[in-house]
Amino acid sequence: MTQSAPTLRLRNSLTRGVEDVTPLDPTNIRLYLCGPTVYDRAHLGNARNVILFDLLFRLLRHDHGADHVTYVRNFTDVDDKIIARAAESGEDIADLTARTTKWFLDDMAALGTLTPTRMPRATDYIAQMVEMIEGLIASGHAYRADGHALFSVSSYDGYGALSGRSTDDMIAGARVEVAPYKRDPMDFVLWKPSDEDEPGWETSLGYGRPGWHIECSAMAKALLGPSFDIHGGGNDLMFPHHENERAQSCCADPDAGFASVWLHNEMLLVEGRKMSKSLGNFFTVRDVLDKGVPGEVIRFVFLSTHYSKPMDWTDRKAAEAVATLRKWRSIAADGGAPDQAVLDALRDDLNAPGAIAELHRIAKAGDGATLKASAALLGLLEDDMGAWADGGDEAVVEAVLAARVTARADKDWARADALRDGLVAAGVVVTDGKGRGWEAGPGFDPAKLEGLV
RNA sequence: GGCGAGUUGGCGGAGUGGUUACGCAGCGGAUUGCAAAUCCGUGUACAGGAGUUCGAUUCUCCUACUCGCCUCCA
């Protein structure tokens, strides 16, 4: 569709540098994002790479055409954490994963993320996993021991290249799981036996279930092929998850190379610490939404820090985002085209903060059409995301405004000032001469206007 | 201990070998009945040290500090 699509540059974890991305197939650019293990609500940090990949997806669709990008984001619905959670609550595993999958989709939709092209569930790809494991065993990259199938790390010279560590270093750390059946302490599980009361599949490998990592290798291969363009996730997945995925896939298809670019985002912080379940300092996306922070505001805050840097979530940032988005929404108009500088910023390693700076420039110039079309690349100012910015209860506000106009015309300054103070107290920002003449500001509460007129 | 990322003005946060980031807040002005909103103007900040260079916040090295991974984690 495009004669010469613009060049995208990305930071590739594999080479540790920002480089031009050359699509393997310009008519079908393929992305894979490690999706959630479904056993609970997604916490706010989980949203960061979803929003990052949504931005990437939007940009690629713009530059190459919507039909020329395939974006896969999986659900891992078989995992020991799921088994443990179900055992705690007594809930059926299928019900648990279905419920939390729905939660994830709802929460990510609230953040204005596009639906990926494909959203495979791991349990639908057991056969592909088994096939891959059998192949690895046949080629000597994996072995069976004590009912398990294990990947042999020493069989792959490239092991450690992604995360930048040698197996010697890792063993020196002495934090690897030791198991008597492992030939090498670093070897990891591809398949493990299940008890009667654990989920399992009867396969050529015996009754059991997959280990972590193999599901992504199998689903990526099934849906994108043995090689594809961009693979990503949080940088805490780089080791061991992505290192192991890469080892499996590269050994299963030695000539393919798996992912060309590895895109990792930095962590979300809370009070300077990584937000994580093990630290117990996390709150969910739903918590924030329920607190009254619109999804669009969350998205704006996330995009205002480059993905390669840690980001602190603060109420102050959210408040600033609210003000900016309200202002932008008041001037946004249809019929524009994306601004070149915004596109340039995004193509340069997804520099969303730089793009936002350009949006400020466009807004200041009063070009509402260009603003809206450009913001759409970042998933901002979309029509279906803006309900939060509507004032609501307009009649009450309009009545007070009208009364104030009358009072001012009568030069009844005392009454005019009283009405003005009432508006301010109710969080109404009077914008004489602009738009409808007022906006909902911080703490907007029309109930406080009762009795003023 | 190993590996990696980072340290920019009051706050947030880009970027660059020599010229303005940008936003918020602040300050000055215009406007206003007084305000608000709006508009105009305003801030030489780049952790410390050494080096390369005509010139470094921007490249190299060292130091300090912060954070992450090495164990489930996005």
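Worth saying up front: this structure is predicted, and the values here are computed from it rather than measured. Naming: A, B, ... by sequence-line order, numbering from 1 per chain.
Using cut-offs of 30° and 60° on the angle between ring planes, the pair A/Phe75 and A/Phe104 is perpendicular.
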Contact state string [nucleotides 8-14 of chain B, B base, S sugar-phosphate only, - no protein heavy atom under 4.0 Å]
--BSSSS
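Look at A/Glu382 and A/Arg58 and you find a salt bridge, because one of the NZ, NE, NH1 or NH2 atoms lies within 4.0 Å of a carboxylate O, short of that distance. By the 4.0 Å N-to-carboxylate-O rule, A/Lys291 lies too far from A/Asp287 to be salt-bridged with it.
Look at the C1' atom in both B/G6 and B/U63: the space between them is 16 Å, to the nearest Å. Here the separation of B/U32 from B/G17, taken at their P atoms, is 47 Å to the nearest Å. Separation of the C1' atoms belonging to B/G51 and B/U44 is 25 Å when rounded to the nearest angstrom. Taking atom C1' in both B/A14 and B/U7, the straight-line distance is 15 Å, to the nearest Å. Nucleotides B/A64 and B/C22 are separated by 37 Å at their P atoms, to the nearest Å. One P atom belongs to B/C11, the other to B/G26, and the distance between them is 15 Å to the nearest Å. The C1' atoms of B/C24 and B/A30 are separated by 22 Å, rounded to the nearest whole Å. B/G41 and B/U20: their C1' atoms are spaced 14 Å apart (whole Å).
Among B/A5, B/G33, B/A74, the nucleotide with an atom closest to any side-chain atom of A/Arg16 is B/A5. Listed candidates were B/A5, B/U32, B/A74. Nearest to the side chain of A/Met275 is B/A74. Among the nucleotides B/C22, B/A5, B/A74, the one closest to any side-chain atom of A/His360 is B/C22. Taking the side chain of A/Ala357 as heavy atoms from C-beta on, and the options B/A74, B/A5, B/A21, the nearest nucleotide is B/A21. Checking B/G68, B/A35, B/C40 against every side-chain atom of A/Arg420, the shortest atom distance belongs to B/A35.
For A/Arg408 and B/A36, the CZ to P distance is 13 Å, given to the nearest whole Å. Between the CH2 atom of A/Trp328 and the P atom of B/G23 there is a distance of 10 Å, rounded to whole Å. The interatomic distance linking A/Asn244 (CG) with B/C72 (P) rounds to 10 Å, in whole Å. Atom CZ of A/Arg165 is separated from atom P of B/G2 by 13 Å (rounded to the nearest Å). Between A/Asn235 atom CG and B/A5 atom C1' the separation is 8 Å, expressed in whole Å. Rounded to whole Å, atom P of B/C34 lies 15 Å from atom CG of A/Asp421. Here B/C3 presents its P atom at 15 Å from CZ of A/Phe239, a figure rounded to the nearest Å. Nucleotide B/A74 holds its P atom 20 Å from the CG atom of A/Leu31, rounded to whole Å.
A cation-pi contact links A/Arg99 to A/Trp103, judged by a cut-off of 6.0 Å to the six-membered ring centre and 45° from its axis.
The only member of A/Asn351, A/Asn235, A/Leu56, A/Asp349 that meets side-chain contact (heavy atoms from CB on, under 4.5 Å) when paired with A/Tyr307 is A/Asp349.
A/Ala47 comes within 4.0 angstrom of nothing in the nucleic acid, heavy atoms only. Within the nucleic acid shown, A/Leu268 comes within 4.0 Å of at least one base atom, counting heavy atoms only. Among the atoms of the strands shown, base atoms are found under 4.0 Å from some heavy atom of A/Asp417. At the heavy-atom level, A/Met238 lies nowhere under 4.0 Å from the strands shown. Among the protein residues, A/Gly45 comes within range of the nucleic acid bases, having at least one heavy atom under 4.0 Å from a base atom.
A/Thr76 and A/Glu215 are linked by a side-chain donor-acceptor pair at a separation below 3.5 angstrom, with hydrogens and angles left out of the test.
Using a distance-only test at 3.5 Å, with no hydrogens or angles considered, no donor-acceptor pair links the side chain of A/Glu358 to the main chain of A/Val342.
Between the side chain of A/Arg404 and the base of B/A35 there is at least one donor-acceptor pair of N/O atoms closer than 3.5 Å. Residue side chain A/His43 reaches the base of B/A74 through a donor-acceptor N/O pair under 3.5 Å, judged by distance alone.
For residues 39-52 of chain A, the set of pairs meeting the salt bridge (Lys or Arg N to Asp or Glu O under 4.0 Å) definition, not counting sequence neighbours, comprises A/Asp40-A/Arg85, A/Arg41-A/Asp107.
Residues A/Phe258 and A/His231 place their aromatic rings such that the two centres sit under 6.0 Å apart.
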